Amino acid sequence: MIENTAEARLRCSSISLEDGADEARLHGEPVECCDRGMCFPSRWQFSPGTTLAMTLEISGTSERVRVEGVVVQCEPLGERLWSVTLLFLEAPADLVKIRTAELALVD
C-alpha cells in the first residue's frame with residue numbers, strides 16, 4: 001500500500017494516458033506517491049493487472065514526469081470516480097527528484 005504521509009503527497013495539475021486517449025485535470029490535488037508506486041483519483045476504472053503509461057504534470061512547475069506501472073487496486077470513491085493504486089514497473093528517477101525538491105521547500 002502507498003504511504004499516507006505529508007512527505008508522500010505530490011501535487012499534480014493533470015494526469016494523461018500516454019496514448020493520448022484522455023486526460024484528467026487534478027487542479028493541484030495531492031497524489032499519494034512513493035518510490036514504488038502511487039495512488040490517485042481517476043474518472044477511469046481500471047482492472048487490476050492493467051499496465052498504464054502516464055504523464056504527470058506537476059503543479060507550480062513546468063515539469064512533466066512519465067511513469068509506467070501496473071494497477072494493483074481500483075476502488076470506487078463515488079459516482080464515476082475511483083481511487084487507483086499503481087505499482088511502478090521501475091522507480092521513475094524524475095519523480096524522485098521532484099519530490100525531493102518539494103520537500104526542501106517545506107523545510
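All figures in this text were calculated on a predicted structure; none of them were measured in a lab. When reading the values below, keep in mind they use all heavy atoms of this one structure, side chains included, and skip hydrogens, waters and symmetry mates.
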* Stepwise side chain to side chain contact (heavy atoms under 4.5 Å, CB included) test for W82 and Q45 -> CA-CA 6 Å; W82 289 268; Q45 181 180 19; 3.5 Å; yes
* **Non-hydrogen atoms of D35 and A91 that approach each other most closely** =>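 Minimum heavy-atom separation between D35 and A91: O-CB, 3.4 Å.
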[X] vs [Y] side-chain heavy atoms within contact, under 4.5 Å:
{"X": "V70", "Y": "L86", "value": "no"}
{"X": "M54", "Y": "M38", "value": "yes"}
{"X": "V84", "Y": "C74", "value": "yes"}

* Residues in side-chain contact (heavy atoms from CB on, under 4.5 Å) contact with T50, at least two apart in sequence or another chain ->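 Testing T50 for side-chain contact (heavy atoms from CB on, under 4.5 Å), a comparison that skips the adjacent residues, returns F46, S47, L52, V71.
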* Reported CD-to-OG1 distance for the pair E68 and T55, which is rounded to 0.5 angstrom ->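 E68 CD to T55 OG1: 10.0 Å, rounded to 0.5 Å.
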* So how far is it from L87 CG to C39 SG, rounded to the nearest 0.5 Å? ->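 That separation rounds to 12.5 Å.
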* Asked: Would L56 end up clustered with W44 when hydrophobic side chains under 4.5 Å apart are linked, directly or stepwise?
  ->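 In one cluster with L56: W44, yes.
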